[in-house]
A.B. asks: 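Once you've had a glance at the structure underneath, I'll fire off some questions.
So you know, we letter chains A, B, ... as the sequences are listed, proteins then strands, and number each from 1.
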Amino acid sequence: MKFGVVVFPGSNCDHDTYYVLKEVYKLDVDYIWHKQTTLSSYDCIILPGGFSYGDYLRSGAIARFSPVMQAVINFAHQGRLVLGICNGFQVLMEAGLLPGAMLRNKTLKFICQDVHIRVEDKQTPFTTLCREGEVLRLPIAHKDGNYFADAKMMKELKKNHQIIFRYCTPEGTLTEEANLNGSLDYVAGICNRERNVLGLMPHPERYAESILGNEDGKRIFDSIITYLSKEK
Amino acid sequence: MKAKVFVTFKEGVLDPQGKTIKNAIVSLGYEGVEDVRQGKYFEMTLDTLPKEKAENLIKEIAEKILANPIIEQFQYHIE
Amino acid sequence: MKVPEVNLKTALEQGLTEDEYQRILELLGRVPTFTELGIFALMWSEHCSYKSSRALLKQFPTTGERVIQGPGENAGVVDIGDGLAVVFKIESHNHPSFIEPYQGAATGVGGILRDVFTMGARPIASLDSLRFGSFDHPKTRWLVEGVVAGIGDYGNCVGVPTVGGEIYFHPSYNGNILVNAFTLGIAPKNRIFLGRAKGVGNPVIYVGSKTGRDGIHGAGLLASAEFDETSEEKRPTVQVGDPFMEKLLLEACLELMQTGYLVGIQDMGAAGLSSSSFEMAGRGGAGIVMELSRVPCREPGMTPYELMLSESQERMLLIANKGAEEKVRRIFEKWDLEAVVIGEVTDDGMVTVLNDGNVAAKLPAKPLSISAPFYHRPMRKPGYLKDIAQFEPASVPIPSDMNQVLKSLLSSPNIASKEWVYRQYDYTVRDNTVLIPGSDAAVIRIKGTTKALGLTVDGNSRYCYLHPLRGAMLVAAEAARNLSCCGATPLALTDCLNFGNPEKPEIMWQFDQCIKGMSQACRVLGIPVVSGNVSFYNETFGSPIFPTPTVGMVGLIDDCRKHCDQWFKEEKDIILLLGDTRDELGGSEYLSVVHKLERGDPPALDLSLEKGVQETCREMIGRGMARSAHDCSEGGLAVALAECCFHPRRSFGASVELKSSSIREDALLFGESQSRILVSVPRQRMKQTERLLDKSSIPWAAIGSVGGEALRVVYGGEVLLDYPIRELHHLWSKALERLLFSKEDE
């Protein structure tokens, strides 16, 4: 089982993601420089958080033209796992692997805070071990996390159960106060129709060790690992 | 030659910055401003090209990278 | 462009004095060129040369067992064991931030990050100490929003967490805010890089952003003169930051440092190409020759004067081993950066600046760097001290409703929660943040070890205004106490000394007193000063800021699991107060907020008691007796108790009973007696805790227990405070936002 963490110029959660996979899980993991064009030896590619290309123009807009992205698209089309966290999620949307776009947070400001997200669907490789309705506490750290999709897209997302995480209260209720960035329909994470590409704004890699106060992020990594080991 | 490209949010997409700017204008006491939409403005210096070729080039660039068609639209002038 | 003639008049225009111009003529034995004059003016400016402060700064204790590098380099370096060292410094960016808060604060963060990674350390945490004018001053809101966004956008983008800080409002900063940025990095202790030019023939390489006309004479002029009505016009000299470029530069430099190609490296910060070349040559005892036509330029037609003085951001000058040029270039190319050889190291002790082969400047390195002139400026005790020392506590009425007093303090800008600020900072990136902002100090773990670091920045300018010597002692003692409250043993500190115009004897006296006070506290507490920064001329229209020495202090926790925060965690836990409460009101936040008085002596400090309290607190944490620990500072015991109750995810009540004494009620609740720490202890650990406390020589008392829905304080049988904790929590959480933005809500 081998993971790849893509490094764009300006990625800054690449080290964190790598650290969790390598040191917490003791897994085989490589950094993948954004100019690399073959990904055949990997089972799961992670696009980490950060400010690829400074987030200049729009978050993720320039990174999606990096050479590695064509390989990521092919990799996804082969049905293999791609996870986008925060900026990685934005890149996946700009690249057309996930539907929708991000607007500026409703507060207009960067928000760094713990949020609660509710697992809406366990039928993905990223949530196999979760219960539906389970609430995870994870940190967000972004300025553009206000999810938007037009009515038609939204209808599709719902019909195909592509909304995987929604912002909620600690008890699991959907409220506007819990939806800090103002996302449409409380969307915190979605997958593609084929369910092998997932993007989410909160950072599971930041809460994967007890010393950091919370291990809820492990629910997602554990799910991926379980899925991949069954697949093998 | 120069191309000027304006990128704005599409109708119906919430523009929180535009809204905030509008509120600020109103709170400063100015009347008659109905709505504000914030956008991006790009100035591009081009090689000298036939007008039609330049237009096609700008359109392609705007569609591909300057604007995100899910939320944004664009206009351009070529001088 | 016509080059102006060089004479006394042009020298004065550049900010040099008549004496200094004479010195230049003597030193060179000729009239300098215009470019040379510009370099002198910049390098001999207060900002670059520390000419008013250098002699006095020698009073600081700067050595210690763990100190690898003390003051004088880009940052201080301290050994933390396991083959690792921490590299840290605090630096001011006050004047640029007042003129253009967003870019000023952003480039302040950029500068301090570069100071740390030039030494070979990866930055892993930043903190900020901020001072704004009165919260109802018309400019304050704009300044706060700009500074906070600037710090956030820059640090967030580079991916260095901003894990803590402090922010205070006071009218003395109405015309001159303070933005002090602290960064800490971590490096292998045997691979620290210094800003030194060595090895004749080694290439001098320029890396990073291209040079533009931004900030020409920025730091020199802005930070070396008072503010007046022309300051607004200086806006174009404020540099624009590019955090993305910084991130690339950071990664490329750290990659280069893992090779053996690098000899020396220095950030082109204030005074750009001039300071980096002269300082590296000066410190290395070498010379440098460089060709300006090779410098990558953003704008055409830049003159040697402009190139030498530009303060374009995100640039570095480095010295590599001869023959490694191509390898260095390839590393930078990977990160889409330019690396251009612009010159080489020589042995003549001169910095020779060529422009298309013609000599534009040729000056000795040392007199412009390490042996620049310095002054013993006159000092005089300020007259105001006589007046403000006259303070009769008896003339201050004791309020009848202490609940009301507590509420006004909790919702006052200096005590209210700063969450509105720190939630705009990414404080969890890099996956190390064990203790998030909001407690006494931040705690970050060190990957690959069992260790963690405690980090804090502290200042109290009112204390320093009322009694500069004691005030500065109190600042150092509180910083150490904050670290002790999270379980960290203080290692070393970095200071940022923000003062008014040093040409005024009263300001110099304040400055000297503060250094003496801080040095005294550092000696007793065993905390060396390893780096720092002086910011003078913090005045507008002749009115100085309160003297504001701020310290950034770093502490070590050997076992990361044994850290502590300030919040109560279990009902029925016993609340202990370590230290002694005295009948003290002078200089308190209470006196200022409730009685509008800034008078009297700040609280007394007994450094040996302070040391004992801190050691005991750390021992309680280390042995797992303390479930929480919190220092009593602004707002005294009552505010500290309330803060212990405000757990980020729920509120706890507390019930406290204090023995009757001669201390007046307001001093008891809100006085700021020092060396006090509130600790909560599980009931079943009390016996053991008592034994430990009785063995120590410090005064202590069990004063109550955690629980209930209210914060309740009884004094000699009389209920002084009794108020629902949730309401207090809400009030305190939302106060800052309400104060700053209330007009918008209406």
Side-chain angles (χ1 to χ4, degrees), chain A residues 52-66 69-70 87 89-111 142-157 176 179-187 190 192 199, chain B residues 2-30 33-47 53-78:
Chain A
S52 54
Y53 293 93
D55 272 358
Y56 297 156
L57 189 60
R58 287 181 310 280
S59 303
I62 301 179
R64 79 111 154 161
F65 293 105
S66 272
M69 283 311 293
Q70 192 50 53
N87 192 234
F89 184 13
Q90 294 160 340
V91 175
L92 289 175
M93 286 188 289
E94 286 282 344
L97 281 173
L98 290 172
M102 288 299 177
L103 300 172
R104 181 69 30 104
N105 294 343
K106 69 179 175 189
T107 58
L108 303 184
K109 296 195 187 311
F110 190 95
I111 306 174
H142 61 245
K143 203 179 213 171
D144 299 318
N146 182 349
Y147 183 79
F148 176 84
D150 61 27
K152 194 171 145 238
M153 234 177 226
M154 212 55 206
K155 211 172 140 194
E156 281 286 298
L157 279 177
E176 269 317 308
N179 187 13
L180 296 177
N181 53 29
S183 286
L184 193 62
D185 206 7
Y186 317 97
V187 168
I190 56 171
N192 61 345
Chain B
K2 287 225 179 236
K4 297 177 175 175
V5 185
F6 303 85
V7 175
T8 51
F9 283 120
K10 282 175 162 168
E11 281 300 307
V13 175
L14 177 74
D15 172 8
Q17 294 176 91
K19 211 172 91 187
T20 307
I21 296 162
K22 196 220 150 188
N23 291 343
I25 293 171
V26 171
S27 72
L28 285 170
Y30 293 105
V33 177
E34 187 128 333
D35 193 19
V36 177
R37 304 285 281 171
Q38 181 178 287
K40 299 188 184 101
Y41 167 61
F42 303 84
E43 255 180 24
M44 302 166 81
T45 310
L46 309 179
D47 295 341
K53 235 181 169 174
E55 280 195 11
N56 288 338
L57 177 69
I58 291 301
K59 252 195 267 179
E60 191 178 324
I61 291 171
E63 273 164 14
K64 191 163 179 189
I65 178 160
L66 300 184
N68 177 345
I70 297 171
I71 45 173
E72 292 168 328
Q73 58 196 5
F74 64 89
Q75 291 176 309
Y76 60 88
H77 301 295
I78 294 174

A.B. asks: Between CE of A/Met93 and CD1 of B/Ile70, what distance do you get to the nearest 0.5 Å?
C.D. replies: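 Spacing of CE (A/Met93) from CD1 (B/Ile70) equals 8.0 Å.
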A.B. asks: Roughly how far, to the nearest 0.5 Å, is CD1 of B/Ile65 from CD1 of A/Ile62?
C.D. replies: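 CD1 of B/Ile65 is found 5.5 Å from CD1 of A/Ile62.
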A.B. asks: Sort out for me which of B/Lys10, B/Lys19, B/Lys40 touches chain A most, counting heavy-atom pairs under 4.5 Å.
C.D. replies: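 That would be B/Lys40.
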A.B. asks: With a sphere of 6.0 Å drawn around NZ of A/Lys155, does it hold more than 12 non-hydrogen atoms of other residues, nucleotides or ligands?
C.D. replies: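 Not more than 12 within 6.0 Å, no.
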A.B. asks: Go through the atoms of B/Lys64 and report whether side chain, backbone, both or neither lie under 4.5 Å from a heavy atom of chain A.
C.D. replies: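 Its backbone and side chain both get close to chain A.
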A.B. asks: Can you tell me if CD on A/Glu176 sees more than 12 non-hydrogen neighbours from other groups inside 6.0 Å?
C.D. replies: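 Yes, because the 6.0 Å sphere around CD of A/Glu176 holds more than 12 heavy atoms from other groups.
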A.B. asks: Tell me if the CD atom of B/Glu55 is crowded by more than 12 foreign heavy atoms within 6.0 Å.
C.D. replies: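 Correct, the count exceeds 12.
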A.B. asks: For A/Leu57, which atoms come within 4.5 Å of any heavy atom of chain B: side chain, backbone, both, or neither?
C.D. replies: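 Both parts, heavy atoms under 4.5 Å.
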A.B. asks: Is the OH atom of B/Tyr30 crowded by more than 12 outside heavy atoms at less than 6.0 Å?
C.D. replies: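 For B/Tyr30, atom OH is not crowded (no more than 12 foreign heavy atoms under 6.0 Å).
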A.B. asks: Inspect the surroundings of NZ in A/Lys109 and state if more than 12 heavy atoms from other residues, nucleotides or ligands are less than 6.0 Å away.
C.D. replies: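 Buried by this count: over 12 neighbours within 6.0 Å.
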A.B. asks: Flag the pair B/Ile71 / A/Leu103 as yes when at least one side-chain heavy-atom distance between them is below 4.5 Å, and no otherwise.
C.D. replies: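 Side-chain contact under 4.5 Å: yes.
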A.B. asks: So, does A/Arg58 use its side chain to make a donor-acceptor pair with the main chain of B/Leu66 at under 3.5 Å?
C.D. replies: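 Looks like yes, one N/O pair under 3.5 Å.
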